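A quick write-up on the structure given underneath.
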2 protein chains.
Amino acid sequence: MVSTHPKNIQLKHRVKIVDLAQSLNLSKGTISRALNDYSDISDSTKLRVRKQAKIMGYIPLSSAQAIKTGRVRALGLVLRVDSHDSHHAFLTDFLDGVSRSAGTRNWTLTVATATSDEDELQTFRRLVAERKVDGFIITRCLVNDIRVGLLHDAQIPFVLYGRTNLDADYSYFDISGETAIESAVCRLVALGHKNIGFINGPEDLNFSQMRKNGYLAGLETSGLAQNSSYIVSDVLTREQGQMATQALLTLPTPPTAIIFSLDMAALGGYRAVEKLGLSVGKDVSFIGYDGISQGVYATPALSTFEVDTRQAGERLATMLIDQIRGEPLEKLNEIQHAKFTPRGSSNPPQKTSEQLAEFISGKHNERETL
Amino acid sequence: MVSTHPKNIQLKHRVKIVDLAQSLNLSKGTISRALNDYSDISDSTKLRVRKQAKIMGYIPLSSAQAIKTGRVRALGLVLRVDSHDSHHAFLTDFLDGVSRSAGTRNWTLTVATATSDEDELQTFRRLVAERKVDGFIITRCLVNDIRVGLLHDAQIPFVLYGRTNLDADYSYFDISGETAIESAVCRLVALGHKNIGFINGPEDLNFSQMRKNGYLAGLETSGLAQNSSYIVSDVLTREQGQMATQALLTLPTPPTAIIFSLDMAALGGYRAVEKLGLSVGKDVSFIGYDGISQGVYATPALSTFEVDTRQAGERLATMLIDQIRGEPLEKLNEIQHAKFTPRGSSNPPQKTSEQLAEFISGKHNERETL
DNA sequence: ACACTTGCCGAAACCGTTTTCGGAATAAAT
DNA sequence: ATTTATTCCGAAAACGGTTTCGGCAAGTGT
């Protein structure tokens, strides 16, 4: 382990800009401008100053800079903790992406939590008023998200992870769940499925709308009729996933394949299938979305669309920093695609919808006669 | 929803201390001292100033304060992301606890991630040098944790979530895994178990040591002999849990009950049990530790010790803030207890260890003859 | 009546950095 | 040899607070 740094974390007597100035026989203004790459400083002195700064271990005090520049080099992230854990399965990756991307540019990430809209706005206000952060990363976008309007009006920089319905000019990074789900439909159709159900997330979240659009588009391109009873919404948790799957499979003509808007719901679906005496990947095919790690350990492993949450965090951080710095955004917004990872849960149908229905209702009668 | 705040987040023309001074015909020094509760300001003017401050919506600029006071009112948390997700199952709760506790005192939380020791120290240095944070919350304590020595020597305030072996005078908050595991042994013994295995976490983590001590203490008080082949270490993930359980159950005299240092490992254990044609809660009893939500949805649900991670975060934040403020710590450290939550996985043994061994080896032979 | 506290506040220095402005030196143009 | 631009840097004023110090008034003790 090679390191050019001292093994201790020094705190006492930090070297200030005047120390540098003194040791180089320059004024502190010159030092500052040299470090900030002003054009009225000669290249030679810039070099000299930077070298000495490195030698003496000078690190600018961010709060002192902030008072003049108005920037603290900090990104804000407000987490909503009211909802179910499922939302935060990727939190570590996301935080890592953001923090790492910010850290390399000497920015930091401050996170806060909120339980309600009012709580969240309150937190925005406080962080902005105290100038603890220079901008926000917004996650879990709603279809109609008041936050983007508010932040936009207040002229506070922000970026969205995802999109919203409002047509304000904001920048965002998103993974196209729409095309992913559409391709899921096509893949299942290619495998021979004709009855494909869709278990969606909460309808107020924007990504749910997108994925639903993808589902409908997939039916369209595959030439399949749209069946409103094949769509279940507002399914977020494992248990809700189980119930929704149960509901779909006990339909008169049950789907032979189910697409889930969230992996977590799909994992709940496994139980419903098992309880009906069926098995996933044989009698019923599953395709999920998110790529959570638990999906790998399910039996059979869950076919899903893997989302690179770390990359999302990285991109969002850089986009926001650039925006705050007032740099021309090369891209105001960016859309990536999730990577389909076929595993054991999606295969050609072994039973037709009718056979499935017969089996299931038989199971039911069997039970009732007991 | 009643709110005294304007619906927008104002940014332009923040009200400064001079604005207050002007409107009250006082000097800015007086305003500052009034707000900071100096003793040389009369109660009447303190009241007057605070009232006006609230009316005008004055919020001090933390970076401006920081430059003089040396404090930015920010807590630091460095997350290690190299390890498996299991460590971060409670991250949301923990962050919520810390952030909420900090927020009510107008402090904030900045998080960073690190992948190695060197990386983490580097991050410490940067955050301290730039004075982005006033102190750190340290999680995932090792038995010999270099971090506490370094931070202690550098005189940087910090608190530990957990403990370490070093006998420096640091403050910590911990949940006593030791007493929990000890009581787990006793409970299982009370149910009739005589062969109790223990699947522990990584040995370099301090809590693993503590829980192992608890296990040994439990055997001691129950009068059971200690059997070194009943202890497996360094089990962190689901798959490792499965393998470890498999190993214990294929012993000549398998345990009829297993205690897991981590719920996640226990969930892996379910699979091992099922694959052997046995069932948890009947043939083999499980008791876990942590209280992760997945444990509720396992069949049977996992008996475990529930840890209040949110409360831990809250306490740690307040302890650290108090310490930074230089307030006399009423308690330098604090130990809470995990709450045992019996569910379906722990019951009286239906088979003795011999019967279990016979069944399992029969299963094995059966397979080999195929 | 006087000196002596005490309570309360204003003035000014200070924290570490950025940024504006002007001016000395040097180079280029006439 | 002047004038005119350029280049480069120093001096000083910000930024928005905190903290020290000194002083005026009112109360206290003799």
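Bear in mind that the values here come from a model prediction, so they are computed numbers and not experimental data. Below, each value reflects all heavy atoms present in this structure, side chains not excepted, and no hydrogens, waters or symmetry copies. Every chain is numbered from 1 and lettered A, B, ... according to where its sequence line falls, protein lines coming before strand lines.
A:Asp119 has a carboxylate O that lies under 4.0 Å from a charged side-chain N of B:Arg100, or vice versa, which qualifies the two as a salt bridge. Ion pairing between B:Arg80 and B:Asp117 holds under the 4.0 Å rule for side-chain N and carboxylate O. Salt bridge annotation for B:Arg50-B:Asp37: present, with a cationic side-chain nitrogen under 4.0 angstrom from a carboxylate oxygen. Salt bridge status for B:Asp96 with B:Arg310: present, with a side-chain N to carboxylate O gap under 4.0 Å.
The separation between A:Ile67 atom CD1 and C:dC14 atom P is 16 Å, rounded to whole Å. Following rounding to the nearest Å, B:Tyr38 (OH) and C:dT6 (P) show an atom-to-atom distance of 21 Å. Atom CD of B:Glu130 is separated from atom C1' of C:dG16 by 14 Å (rounded to the nearest Å). For the pair B:Lys46 NZ and C:dG7 C1', the interatomic distance rounds to 12 Å; values are reported in whole Å. Spacing between atom CG of B:Asp43 and atom C1' of C:dG7 amounts to 11 Å, rounded to whole angstrom units. Atom CG of B:Leu61 and atom C1' of C:dT17 are 14 Å apart (whole Å).
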For this session: Let me see the working for A:Thr318 and A:Arg105 under side chain to side chain contact (heavy atoms under 4.5 Å, CB included), right down to the final yes or no.
Result: CA-CA 9 Å; A:Thr318 54; A:Arg105 296 152 172 236; 3.5 Å; yes
Exercise. What do the steps show when you test A:Leu91 against B:Leu95 for side chain to side chain contact (heavy atoms under 4.5 Å, CB included), and what is the final call?
Worked result: CA-CA 11 Å; A:Leu91 186 57; B:Leu95 288 179; 4.0 Å; yes
Can you give me the N/O atom pairs linking the protein to nucleotides 25-27 of chain C at distances under 3.5 Å, or say none if there are none?
none

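Of the candidate nucleotides C:dT18, C:dG16, C:dC8, C:dC8 has the atom nearest to the side chain of B:Ser42.
Taken to the nearest 0.5 Å, the OG1 atom of B:Thr123 stands 8.5 Å off from the CZ atom of B:Phe136.
Contact between the side-chain N/O atoms of A:Lys16 and the OP1/OP2 oxygens of C:dG16 is found at a separation under 4.0 Å.
Residues B:Asp40 and A:Ile17 both approach DNA chain C. Their nearest nucleotides, taken by heavy-atom distance, put B:Asp40 toward the 5′ side.
Taking a 6.0 Å sphere around CD of B:Gln336, one finds it holds more than 12 heavy atoms contributed by other residues, nucleotides or ligands.
Residue B:Ser32 is in base contact, counting any heavy-atom pair closer than 4.0 Å across all strands shown. Here A:Thr45 lies in heavy-atom contact (under 4.0 Å) with sugar-phosphate atoms only.
The aromatic rings of A:Tyr161 and A:Phe94 lie parallel to each other, their planes meeting at an angle below 30°, with 60° marking the opposite boundary.
Side-chain atoms of B:Leu150 and B:Phe124, non-hydrogen and from C-beta on, never get closer than 4.5 Å to each other.
With hydrogens and angles disregarded, no donor-acceptor distance shorter than 3.5 Å links the side chain of A:Lys132 to the backbone of A:Val72.
Scanning DNA chain D 5' to 3' for nucleotides with an atom closer than 4.0 angstrom to a non-hydrogen atom of chain B gives a first and last hit of D:dG16 to D:dC21.
Applying a 4.0 Å cut-off to non-hydrogen atoms, the residues of residues 22-31 of chain B that approach DNA chain D are B:Lys28, B:Gly29, listed by residue number.
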